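Naming: A, B, ... by sequence-line order, numbering from 1 per chain. Being a predicted model, the structure only gives us computed values, none of them experimental.
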There are 2 protein chains.
Amino acid sequence: MAGQAQAGAGQPSPEKKATPGLRERQKEDRRSRIVDAARQLFASSGLEDITIEAIAEIAGVSSVTVHNYYGTKSGVLLALVAQSDRQLIETLERELAGKANNLVDLLEAFLDIICQHTLTHLDKAIWRQVIASSVNDTDPRFGKVYTALDERLAYVLITEIKVLQAAGHVNPAVKPGDLGKALFNLQNMRFIEFIATDTVSKDSVVEALKRDTTALLAAMQA
Amino acid sequence: MAGQAQAGAGQPSPEKKATPGLRERQKEDRRSRIVDAARQLFASSGLEDITIEAIAEIAGVSSVTVHNYYGTKSGVLLALVAQSDRQLIETLERELAGKANNLVDLLEAFLDIICQHTLTHLDKAIWRQVIASSVNDTDPRFGKVYTALDERLAYVLITEIKVLQAAGHVNPAVKPGDLGKALFNLQNMRFIEFIATDTVSKDSVVEALKRDTTALLAAMQA
DNA sequence: TAATAATTTTTATAGACTAAAATTATTTAT
DNA sequence: ATAAATAATTTTAGTCTATAAAAATTATTA
């Protein structure tokens, strides 16, 4: 196109990260249109009515394109979760910030916030499918994205553990990274328990986690 | 029927659990034929070629019947896992029996045996689908069966913890049930990590679990 | 503007799952 | 022993996810 060629030649653009080209922009546009369509469908009717076909129609692409972009339906849902997670991390950092003075309370607050966020922003059905795919999905992209989310959440926990350790509430010989990952795993099993069944309440899993941490942290004491 | 009525009246049978009736026997027969077919298919070609259609054909029933009996394909696979688990529990009890003298070693051995058993008897692909369904499956039967399996495994661990506690290696104030469930969960996340990716080795997750337990159990020490 | 390359759509197919109608076999009552 | 009542399976038909290959578009580049 004349216009484009002129602009490219006329400006002294570093040619590196200038205008990403029409194709790149179209891709980015389709990506977001697909996720937007999924969110829109979820908001109006819930997971049952989110079909790839419906997403494709709203997004103005073919169903095959949805698969090409996100691999699987779970891939699209994971994109929803990923967006909501940015907000979750902010909430976690704000709400936790040095408030607890021991590991049991810290982890309790951590799980509580995550469950609450799940109920408020997405819902259990979506998480079920996403977590199931985190184990099962053959598409390598899925695992990458999901692992990154988990690591970011674990990092928030590790940061708070460092604070506790600095305040002398945790054995200074223990590596905060190791402890944080272990506690995150512990908490994550209870979160999975929470989302796996519609009738399991937030309070019940938080209580269960408290029993976990209490027992573990006391196990070695004389 | 005259024959049945005669037998029932003639014999002093308690009428309680006599002959289960033809229909019951047929059901039991179909159930086992279906699992046998699945095992047969798995042995010859692996998970990819286990289709409901193929199972149904070998078992001599329709594909709809397979669904009626086991709910989902994962339900059939879970039946395979359940059978193999009986053997696993025997192995665990035999191999663990009072050998470890601390929690870290106990849990390490526990996970090691489970991973080894998985590789030897079934395979990761089957476990992936089963664990995914343990989160996702809508059929209530699945959850029931799966939970029962987990509880039986956790019970083995709890039993060993009681031994350690009796020997004075674990804080006697801690409830073995609570501690056992917490440790089981911890171990279970690493097992899931193990099966989720074909390339993750047994040794690497056992090492990771060791870091988990070491960090947790030391966290509260001065 | 024509040639080339990238990307999407079309088309076709396999497999899991579900619902309802039709069929077959077992029980039960006569 | 036979016929009616009952229970179960099979057939049929349809939806949805997912993948592959061919065909049609559309952007880029020369």
Side-chain angles (χ1 to χ4, degrees), chain A residues 1-9 15 18-31 33-34 38 41 45-57 59-78 129-130 132-133 136-139 141-142, chain B residues 1-8 18-31 33-34 38 41 45-57 59-78 129-130 132-133 136-139 141-142:
Chain A
M1 275 179 186
Q4 283 233 346
Q6 266 183 6
E15 207 73 57
T19 315
L22 178 52
R23 240 163 211 166
E24 295 300 314
R25 271 177 290 143
Q26 283 176 325
K27 273 193 205 170
E28 206 39 63
D29 194 47
R30 287 197 193 97
R31 279 193 89 79
R33 255 154 51 208
I34 289 170
L41 282 165
S45 24
L47 183 58
E48 314 81 49
D49 296 288
I50 306 184
T51 67
I52 298 279
E53 205 68 54
I55 291 173
E57 182 164 4
V61 295
S62 81
S63 62
V64 175
T65 296
V66 176
H67 278 110
N68 284 339
Y69 273 68
Y70 287 98
T72 62
K73 181 176 168 178
S74 297
V76 182
L77 297 180
L78 178 60
Q129 200 160 333
V130 169
S133 292
N136 214 13
D137 203 301
T138 51
D139 193 313
R141 283 171 292 177
F142 193 100
Chain B
M1 269 182 188
Q4 284 234 345
Q6 266 183 6
T19 315
L22 178 53
R23 231 157 223 172
E24 295 300 313
R25 270 177 291 144
Q26 281 177 326
K27 273 193 207 171
E28 207 38 63
D29 194 48
R30 286 198 194 97
R31 280 194 87 79
R33 257 155 48 210
I34 290 169
L41 282 166
S45 23
L47 183 58
E48 311 80 49
D49 295 288
I50 306 183
T51 69
I52 298 280
E53 205 69 54
I55 292 172
E57 182 163 3
V61 296
S62 80
S63 62
V64 176
T65 297
V66 177
H67 277 109
N68 284 340
Y69 274 68
Y70 287 96
T72 62
K73 180 175 169 179
S74 298
V76 182
L77 298 180
L78 178 60
Q129 199 158 333
V130 168
S133 291
N136 213 12
D137 203 302
T138 52
D139 193 314
R141 282 170 294 178
F142 192 100

Which heavy atom of Tyr69(B) sits nearest a heavy atom of Arg141(B), and at what distance? O-NH1, 3.1 Å
List the residues meeting side-chain hydrogen bond (donor to acceptor under 3.5 Å, both in side chains) with Thr72(B), not counting sequence neighbours, and say none if there are none. Asp137(B)
Nearest of dT10(D), dA16(C), dT19(D) to any side-chain atom of Thr51(B)? dA16(C)
Of the listed nucleotides dC16(D), dT7(C), dA8(D), the one nearest the side chain of Lys27(B): dA8(D)
Gap between atoms CZ and P, on Arg30(A) and dT7(C) respectively (whole Å): 10 Å
For Ser63(B), report the nucleic acid contact type (base, sugar-phosphate, nothing); a contact means any heavy atom under 4.0 Å. nothing
For Tyr70(A) and Phe142(A), indicate whether the former's side chain and the latter's backbone hold a donor-acceptor pair under 3.5 Å. no
Under 4.0 angstrom, heavy atoms only, what part of the nucleic acid is Gly75(A) near: base, sugar-phosphate, or nothing? nothing
Residue His67(B), side-chain heavy atoms: nucleotide from dT9(C), dT17(D), dT18(C) that is nearest: dT18(C)
Judged by each residue's nearest nucleotide on DNA chain C, which is more toward the 5′ side, Thr65(A) or Ile50(B)? Thr65(A)
Side-chain donor-acceptor contacts of residues 45-54 of chain A below 3.5 Å, not counting sequence neighbours, with atom names and distances?
from, atom 1, to, atom 2, distance (Å)
Ser45(A), OG, Leu41(A), O, 3.2
Thr51(A), OG1, Ala54(A), N, 3.0

Phosphate OP1/OP2 of dC16(D) contacted by Lys73(A) side-chain N/O (<4.0 Å): no
Would you mind classifying the nucleic acid contact of Tyr70(A) as base, sugar-phosphate or nothing, using non-hydrogen atoms under 4.0 angstrom? nothing
For nucleotides 20-25 of chain C, list the nitrogen or oxygen atoms of the protein found under 3.5 Å from its nitrogen or oxygen atoms, one pair per line.
from, atom 1, to, atom 2, distance (Å)
dA25(C), N3, Arg23(B), NH2, 3.4

Under 4.0 angstrom between Tyr69(A) side-chain N/O and dT8(C) OP1 or OP2: yes
